[in-house]
Each structure stands twice: as C-alpha cells, then as structure tokens.
Amino acid sequence: MYTTHAHVTTWVIAIILFVIAFALYKSGNTKGSKIVHMILRLFYILVIITGGILFFKFQSTFGPALYGMKLLGGLLVIGMMEMILTRIKKGKGTGLFWLLFIIFFVAVLYLGFVKLRMGLHPFG
Ligand code: HEM
C-alpha cells in the first residue's frame, strides 16, 4: 500500500519555497532568489514523480476521470508558480497568474482531500 505522505510533503515544501522565492525576487535579492528558485524546480520534479506514482497506482482502480483532472490541476498549479516567478523576475505584472494559481490550488486541494479517497481526509 502506497501512502500519500511523500506527495503531500513534497508539495507543501514546494509551496513554502515558492513563497520564499517570490519574497526574495520582490526584495531584489537576485542571488538568494535564484538559489531558492532552483531548489523549487527540483521539488516540482519530486511532486510530479510522487503524484505520478499515485496516479498510476489508483486511476486504474478508481477510474481515470477525476484522477486525470487531479493530474492536470497539479501540473497547472506548478505552471502558475513558475509563471509568477519568471514574471516577477522580469518586473512584469502577476495579478492574473495569482488568481489562476489560487483557483487551481483550491480545485486541486478539493480533489485531493475531498473527492479522491486515498490518503488523508482532513475535511471529512
Ligand atoms: C503543487 C501541486 C499539487 C498539489 C498542491 C497537490 C495536492 C494534493 C492533495 C491535497 C492530495 C490529497 C492527499 C491525500 O489525500 O492524502 C493529492 C493527492 C494526489 N495527487 Fe497531487 N498535488 C499536486 C500535484 C500533483 C501532480 C503534478 C500529480 C500528477 C502527476 C498529482 C497526482 C495526485 C494523485 C494521483 C493523488 C492521489 C489522490 C487520492 O486518491 O487521494 N498531484 N495531491
């Protein structure tokens, strides 16, 4: 039995690194932000690998529809983090991407914690 702990751990760390990288870019700390951004990109890969393992393990048992949406949603959350960081680095606006990030993030949390029934159910 494969648990979701590795996946949850990696995406929580990714979100924390994302917030730190954003704050560093914003404060003009180019060296620090570059390093944190690089580590974050490593965590994207870990999130995708751990999520991919869960996907192949459970979609065949419980059906690919919602799992496909979870996979796509997870990739979009990662995509929005990367868009926000590359745009803030170039001094471009990030408002729309923050909105999309929040929409995809909430959708993915809902799918992961409420709809898909493996792992943790903190909201019952
Ligand atoms: C930052 C991006 C992501 C976030 C915030 C996220 C969030 C979550 C959450 C909250 C859960 C439920 C954990 C649990 O029930 O214990 C979960 C499970 C899962 N995630 Fe992700 N995820 C992300 C990226 C991905 C990616 C990229 C994939 C696919 C490659 C993926 C595939 C899965 C699968 C298959 C599950 C198991 C669903 C279940 O049956 O509970 N996730 N994820």
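Both counts, for ligands and for their atoms, begin at 1 and track the order of listing.
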- Just going by heavy-atom distances, which of Phe58, Tyr67, Tyr110, Phe104 is nearest to atom 40 (O) of ligand 1?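 When every heavy atom of Phe58, Tyr67, Tyr110, Phe104 is considered, Tyr67 comes closest to atom 40 (O) of ligand 1.
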- Message: For Phe105, state whether at least one heavy atom is located under 4.0 Å from any atom of ligand 1.
- Response: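 Yes.
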- May I ask you to check whether Lys70 brings an N, O or S atom to under 2.8 Å from atom 21 (Fe) of ligand 1?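 So Lys70 does bind atom 21 (Fe) of ligand 1 by this criterion.
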Quick check: closest heavy atoms across [X] and [Y], and the distance to 0.1 Å?
X	Y	value
Leu40	Leu85	CD2-CD1, 3.5 Å
Thr50	Ala6	CG2-CB, 4.0 Å
Gly73	Val108	C-CG2, 3.2 Å
Phe43	Thr10	CD2-O, 3.8 Å
Tyr67	Leu116	CE1-CD2, 3.5 Å

Where on [X] is there a heavy atom closer than 4.0 Å to ligand 1, on the side chain, on the backbone, on both, or on neither?
X	result
His5	neither
Val77	side chain
Val8	side chain

- Query: Considering only protein heavy atoms, which is closest to atom 16 (O) of ligand 1, and at what distance to one decimal place?
  - Reply: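 Protein heavy atom at minimum distance: Thr4 OG1, 2.5 Å.
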- Please report which non-hydrogen protein atom sits nearest to atom 36 (C) of ligand 1, along with the residue it belongs to and the distance in Å to one decimal place.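 Here the closest protein heavy atom is Leu54 CD1, 3.6 Å.
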- Query: For the residue pair Phe18 and Phe101, does the interplanar ring angle fall in the parallel (under 30°), tilted (30 to 60°) or perpendicular (over 60°) class?
  - Reply: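 Tilted, since the angle between the ring planes falls between 30° and 60°.
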- Considering the heavy atoms of Gly52, write down every atom of ligand 1 situated less than 4.0 Å from one of them.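 Listed by number with element, the hits are 29 (C), 30 (C).
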